[in-house]
S.K.: 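Following this message is one structure expressed as structure tokens.
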Amino acid sequence: MAMARLKLLILGGTTEASALARALGPDPRFDLTLSLAGRTRNPVLPDVPCRIGGFGGIEGLAYYLAAEKIEALVDATHPFAAQISRHAVLAAAKVQVPLLGLRRLPWESEAGDHWIEVADMASAAAALGHEPRRVFLAVGRQELGPFRAEPQHEYVIRSVDAPAPDDLPRRARVLTARGPFADEDEARLFADLGIEILVTKNSGGAATRGKLTAARRLGIPVVMVRRPELPAVEAVPGVPGALLWLEDLLARAHGAVPAERGV
Ligand code: NAP
């Protein structure tokens, strides 16, 4: 008799979500779907079933979980995607689906760093000051509004997709690129561009940490936008913890014997 497969939904958009999906994709004990918001034009998708686009709020997500008979939900969304994380908690509670947060740790400042920590993007723009500066903006393409209101600066904006022209500050140069970025490449880029200050969200993770190492090396101050408040849920910082949580769930749900991993 074929063993029932655990129906799993991963809310993605991060390296960790894709890594988890890749790790579980070939595992016959899981029937998995990866969900993306659809924010990037050409996402790099793992070879697993994917769906793209919003669910229609808390009710929409709860309906999806029930209709698809989802048995486990992993919220591996970006640490700044607070709305979908809130929706995940409320929808999962409503239809009683076990939920795990996969939340990478925030970056911590080190000796030699000069961080100016701020609560949001408006405060980040204000922290640049009145004197004109050459600013490297690594904040994505959707929250440029506050920087348009500080037109005295010259901006270099790096994002996966180019921002809409109307969203750009007056003096802006756009670099489209997708991480990971190496420390040395970041340092060379900042030096070549004459960057005087960096603005970034505290996204955490290794793929885009190089800019912080480069800033430290070059003595460039960093305006660091703190993470938004996320709901308290059972959470792990990385893929290994998520795999353990799923093994445990599987053992309890189906009485299955945990498989040996890495063989
Ligand atoms: P959000 O504000 O938390 O979510 C807004 C809406 O997008 C949600 O209510 C949901 O729509 C939909 N959504 C978000 N993630 C989804 C997923 N994995 N699958 C299906 N629908 C999803 O998140 P955001 O607008 O994507 O981004 C907010 C912040 O996160 C920004 O600072 C952005 O730069 C950063 N960020 C996001 C991603 C990403 O992949 N989403 C990646 C990098 C950075 P419904 O209510 O209709 O369900």
Side-chain angles (χ1 to χ4, degrees), residues 12-23 36-46 76-81 102-118 121 124-125 127-128 133-144 147 153-164 167-169 171-228 237-239:
T14 56
T15 316
E16 290 81 357
S18 297
L20 181 63
R22 277 193 195 93
L36 299 178
R39 299 282 175 257
T40 48
R41 289 188 195 115
N42 295 301
V44 180
L45 295 176
T77 55
H78 191 269
F80 281 74
L102 201 174
R103 295 187 177 160
R104 64 168 89 124
L105 298 173
W107 292 315
E108 304 279 352
S109 63
E110 295 179 20
D113 281 333
H114 174 34
W115 285 13
I116 303 148
E117 294 198 68
V118 295
M121 220 44 87
L128 296 174
R133 297 168 106 174
R134 188 167 293 173
V135 184
F136 193 89
L137 279 188
V139 298
R141 66 188 164 97
Q142 279 157 347
E143 291 166 277
L144 298 174
F147 302 98
H153 306 299
E154 250 181 85
Y155 296 97
V156 177
I157 298 167
R158 183 171 65 193
S159 51
V160 175
D161 294 316
D167 290 347
L168 291 173
R171 291 193 293 161
R173 172 175 173 184
V174 173
L175 305 176
T176 53
R178 196 192 294 266
F181 303 106
D183 299 4
E184 302 69 38
D185 295 342
E186 295 289 71
R188 198 174 313 117
L189 181 69
F190 290 176
D192 288 351
L193 293 169
I195 295 301
E196 295 170 291
I197 189 163
L198 162 69
V199 184
T200 179
K201 298 172 185 166
N202 195 337
S203 299
T208 58
R209 187 168 41 207
K211 59 181 176 264
L212 301 179
T213 314
R216 187 180 312 125
R217 221 178 265 171
L218 297 171
I220 294 173
V222 177
V223 179
M224 181 65 73
V225 183
R226 277 191 220 103
R227 292 180 172 192
V239 171

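Fair warning: this is a prediction, and the values are worked out from it, not measured in the lab.
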S.K.: Tell me the closest heavy-atom pair linking R178 and P43, and the distance in Å.
M.R.: NH1-CA, 4.2 Å
S.K.: If you measure from CD1 on I220 to CD on E186, what distance do you get to the nearest 0.5 Å?
M.R.: 10.5 Å
S.K.: With the side chain counted from C-beta on, respond yes when W115 and V223 share a heavy-atom pair under 4.5 Å apart, and no when they do not.
M.R.: no
S.K.: On a heavy-atom basis, which atom in R104 and which in T14 lie closest, and how many Å separate them?
M.R.: NH2-CB, 3.7 Å
S.K.: What pairs with R188 under side chain to side chain donor-acceptor pair (under 3.5 Å), at least two apart in sequence or on another chain?
M.R.: D185
S.K.: Return yes when atom CZ of R171 has more than 12 non-hydrogen atoms of other residues, nucleotides or ligands closer than 6.0 Å, and no otherwise.
M.R.: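 Yes - once you tally the heavy atoms of other residues, nucleotides and ligands closer than 6.0 Å, there are more than 12.
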S.K.: Is any side-chain heavy atom of Y155 closer than 4.5 Å to a side-chain heavy atom of R173?
M.R.: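 They are not in side-chain contact.
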S.K.: Tell me the closest heavy-atom pair linking H153 and R133, and the distance in Å.
M.R.: ND1-N, 3.1 Å
S.K.: If the condition is ring-ring contact (aromatic ring centres under 6.0 Å, His included), which residues does F80 pass it with, not counting sequence neighbours?
M.R.: H78
S.K.: Measure the CD1-CZ distance between I195 and R134 for me, rounded to the nearest 0.5 Å.
M.R.: 6.5 Å
S.K.: Could you grab the distance from atom CE of M224 to atom NE2 of H114, nearest 0.5 Å is fine?
M.R.: 12.5 Å
S.K.: Minimum heavy-atom separation for A191 and L218, please, with both atom names.
M.R.: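 Nearest heavy atoms, A191 then L218: N-CD1, 4.1 Å.
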S.K.: Rounded to the nearest 0.5 Å, what separation is found between the OG atom of S203 and the CZ atom of R209?
M.R.: 12.0 Å
S.K.: Supply the atom-to-atom distance L102 CG to T77 OG1, rounded to the nearest 0.5 angstrom.
M.R.: 9.5 Å
S.K.: Do you know which of T176, L137, L189 makes side chain to side chain contact (heavy atoms under 4.5 Å, CB included) with R158?
M.R.: L189
S.K.: When you measure from the side chain of R226 to the backbone of N202, do you find a donor-acceptor pair of N or O atoms at a distance under 3.5 Å?
M.R.: no
S.K.: Do you know which two heavy atoms are closest between V199 and A124, and how far apart they sit?
M.R.: CG1-CB, 3.9 Å
S.K.: Who pairs with K211 by side chain to side chain donor-acceptor pair (under 3.5 Å), at least two apart in sequence or on another chain?
M.R.: none
S.K.: Enter the distance from I157:CD1 to L175:CG here, rounded to the nearest 0.5 Å.
M.R.: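 Taking CD1 in I157 and CG in L175, the distance rounds to 9.0 Å.
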S.K.: Between D161 and R41, is there a donor-acceptor pair closer than 3.5 Å when you use the side chain of the first and the backbone of the second?
M.R.: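 Looks like yes, one N/O pair under 3.5 Å.
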S.K.: With distance as the sole test, does K201 use its side chain to make a donor-acceptor pair with the main-chain N or O of V225 at under 3.5 Å?
M.R.: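 Not confirmed, K201 side chain does not pair with V225 backbone.
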S.K.: Which heavy-atom pair separates I116 from P221 by the least distance, and what is that distance?
M.R.: CD1-CB, 4.4 Å
